[in-house]
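Contents: one structure, followed by commentary.
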Amino acid sequence: MPLKLTEKPARDARPVHLVTKKSFDQLDLDDRSRAWAAANGFSGQAGKLLVLPGEGGAVAGALFGVAAERGGLAPLETGTLARQLPDGAWRFAGQVEEPELAALGLALGGYSFSRYRKNETPKLEFAVADGSDLAAVQRRADAVYLVRDLINTPTSDMGPDALEAAVRKLAKAHKASVKVIAGDDLLKKNFPMIHAVGRASAQAPRLIDLTWGPKGAPKVTLVGKGVCFDTGGLDIKPASGMLLMKKDMGGAANVLGLASMIMAAGLKVRLRVLVPAVENSIAGNAFRPGDVLQSRKGPTVEIGNTDAEGRLVLADALALADEEEPQVLIDMATLTGAARVALGPDLPPFFTDDEAFASDLAEASMRVADPLWRMPLWRPYDRKLASKVADFNNVTSDGFAGAVTAALFLRRFVEKAQSWTHLDVYGWSPVDRPHCPVGGEAQGIRAIEDVLARRYGG
């Protein structure tokens with residue numbers, strides 16, 4: 001991370017004044033700085049940075065405009081500073097509202113994906129404001145960086161083999177254990193839909209199973225869709241539809257980021273992470289439209305579309321998770337375009353029957369600036385998944401309410417868990433924003449961690 005966060009400012013740290021349009025006039029600035037601001041048209045506009053000149057051409061400090069009212073991702077807009085401030089040591093001047101989010105915004109804004117090319121980034125040291133838990137900021141930033149790195153890596157270097165290696169690396173760092181069921185062993189161990197979706201790939205499909213924490217602790221199980229690339233299968237996507245399909249393992253990336261925070265924070269839980277890792281490829285043995293697949297749980301599933309494969313691999317993994325009767329079961333997946341049509345790329349929907357968890361998650365999403373929006377598990381739409389040859393279909397025939405019917409499909413495989421929540425994330429930022437560049441993005445995991453930490457933090 002090119003940005004170094006510290007608790008105490010360096011002796012030569014220059015001040016950054018966070019101002020609104022209203023507070024700018026009351027800011028204690030010398031005549032030269034105020035004249036410089038006027039010459040540059042700066043009056044506290046949100047998101048605008050102005051570096052102040054000092055003696056002899058030195059940098060004396062900076063002004064940064066922030067939103068007058070909190071909303072959405074506004075507290076993370078300090079990420080702009082990580083990209084635009086000149087190199088050197090800096091500190092916040094005066095009192096900072098929501099200091100921990102201001103520090104996190106800085107950390108997240110400093111991200112750069114440099115695996116394949118060298119990216120020039122500012123070399124900054126920034127002292128966080130009073131009231132910040134630097135360790136918490138660091139573990140959350142590390143988790144988001146992990147998610148972004150995994151999603152940004154193309155499938156040539158992030159297929160099922162590499163995704164398994166990433167899980168093993170995370171497990172080693174936190175003394176967790178990992179078991180993997182791969183290839184035809186999936187059939188022997190009764191994971192037929194994971195096998196069917198991934199069998200056409202050159203890399204064997206697999207179910208990755210990470211566990212951490214004492215056996216007697218409350219069980220928290222995370223399931224993440226690990227489709228490392230999605231051609232659409234025999235219902236092949238157009239070329240334009242495949243351009244971002246390296247991100248179709250974004251659900252897996254997000255649950256791994258969430259798991260890293262849970263383990264780093266030492267939450268008092270028995271954590272289990274299940275990642276069905278596959279590539280939905282095309283070959284002579286690919287599963288077909290019209291096929292009927294047996295599921296681990298028992299019901300048969302008619303394949304109405306091979307491009308609705310994520311719910312199939314999730315279903316087998318959810319069935320396994322459910323057998324253990326966890327207190328909390330959460331799945332995350334880049335599942336439907338319908339979710340993006342409904343809410344756009346920045347606001348993932350979540351679905352749950354657990355009213356208490358829904359309320360806690362909605363409040364946490366606002367508190368930690370990690371937007372989520374609850375959508376309904378509208379039971380009358382369940383009949384849209386009907387099949388004439390199997391217990392049900394993996395898609396509907398009319399195309400309406402795609403995110404809802406996908407969630408209802410998954411709901412059929414959860415029965416014993418005390419609480420189940422499904423998040424349909426996009427996993428990608430299509431435009432540069434203060435706290436993140438274009439590319440892979442963590443969504444919902446900081447809000448979930450906040451809920452779990454309040455329940456199981458000690």
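- Applying the side chain to side chain donor-acceptor pair (under 3.5 Å) test to Thr336 and every residue at least two apart in sequence or in another chain returns Asp424.
- Listed by chain and number, the residues in a side chain to side chain donor-acceptor pair (under 3.5 Å) with Glu100 are Arg140 (sequence neighbours excluded).
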Next item on the list: Evaluate side-chain contact (heavy atoms from CB on, under 4.5 Å) for Phe229 paired with Met242, printing each intermediate quantity in order.
Entry: CA-CA 8 Å; Phe229 194 85; Met242 292 192 214; 4.0 Å; yes
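- Evaluation of the side chain to side chain donor-acceptor pair (under 3.5 Å) rule for Arg446 yields no partner, not counting sequence neighbours.
- With sequence neighbours left out, Phe42 forms a ring-ring contact (aromatic ring centres under 6.0 Å, His included) with Phe24.
- Just one residue in the list Arg374, Arg455, Arg454, Arg367 forms a salt bridge (charged side-chain N to carboxylate O under 4.0 Å, His left out) with Asp360, and that residue is Arg455.
- In terms of heavy atoms, Leu76 sits closest to Ala369 at CD1-O, 3.7 Å.
- Side chain to side chain, Asp248 and Thr334 meet the donor-acceptor criterion of an N or O pair below 3.5 Å.
- Residues passing the ring-ring contact (aromatic ring centres under 6.0 Å, His included) test with Phe64: none are found, sequence neighbours excluded.
- The shortest heavy-atom contact between Ala364 and Val451 is CB-CG2, 3.7 Å.
- Using a 4.5 Å cut-off on side-chain heavy atoms (C-beta onward), Trp420 and Ile330 make no contact.
- Residues satisfying the ring-ring contact (aromatic ring centres under 6.0 Å, His included) test with Tyr426, not counting sequence neighbours, are none.
- In this model, a donor atom of one side chain and an acceptor atom of the other lie less than 3.5 Å apart for Thr211 and Ser177.
- Judged by distance alone, the side chains of Tyr111 and Asn152 do bring a donor and an acceptor atom under 3.5 Å apart.
- Salt-bridge formation is not detected for the pair Glu325/Lys219: no Lys NZ or Arg NE/NH1/NH2 atom is positioned less than 4.0 Å from an Asp or Glu carboxylate oxygen.
- Ion pairing between a basic and an acidic side chain is recognised when a charged N comes within 4.0 Å of a carboxylate O; Asp331 and Lys225 show no such pairing.
- The salt bridge (charged side-chain N to carboxylate O under 4.0 Å, His left out) search around Glu55 returns Arg32, not counting sequence neighbours.
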Margin query: Using the rule given for side-chain contact (heavy atoms from CB on, under 4.5 Å), can you reason through Leu81 versus Leu3, listing the C-alpha separation, both sets of side-chain angles and the distance that settles it, and then say yes or no?
Written below: CA-CA 10 Å; Leu81 301 174; Leu3 172 69; over 6 Å; no
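- Partners of Phe409 by ring-ring contact (aromatic ring centres under 6.0 Å, His included), not counting sequence neighbours, listed by chain and number: Phe392, Phe413.
- Atoms OG and CZ, from Ser260 and Arg139 in turn, are 10.0 Å apart once rounded to the nearest 0.5 Å.
- How far CG of Leu271 is from CG of Leu210: 6.5 Å, rounded to the nearest 0.5 Å.
- By the side chain to side chain donor-acceptor pair (under 3.5 Å) test, Thr20 pairs with Ser23, sequence neighbours left out.
- A search for salt bridge (charged side-chain N to carboxylate O under 4.0 Å, His left out) contacts involving Arg433 returns Asp346, not counting sequence neighbours.
- Counting only residues at least two apart or on different chains, the side chain to side chain donor-acceptor pair (under 3.5 Å) pairs with a member in residues 236-247 are Lys237-Asp307.
- For residues 332-365, the pairs satisfying ring-ring contact (aromatic ring centres under 6.0 Å, His included) are Phe351-His422, with sequence neighbours left out.
- A 4.5 Å side-chain heavy-atom check between Leu314 and Leu335 finds at least one atom pair inside the cut-off.
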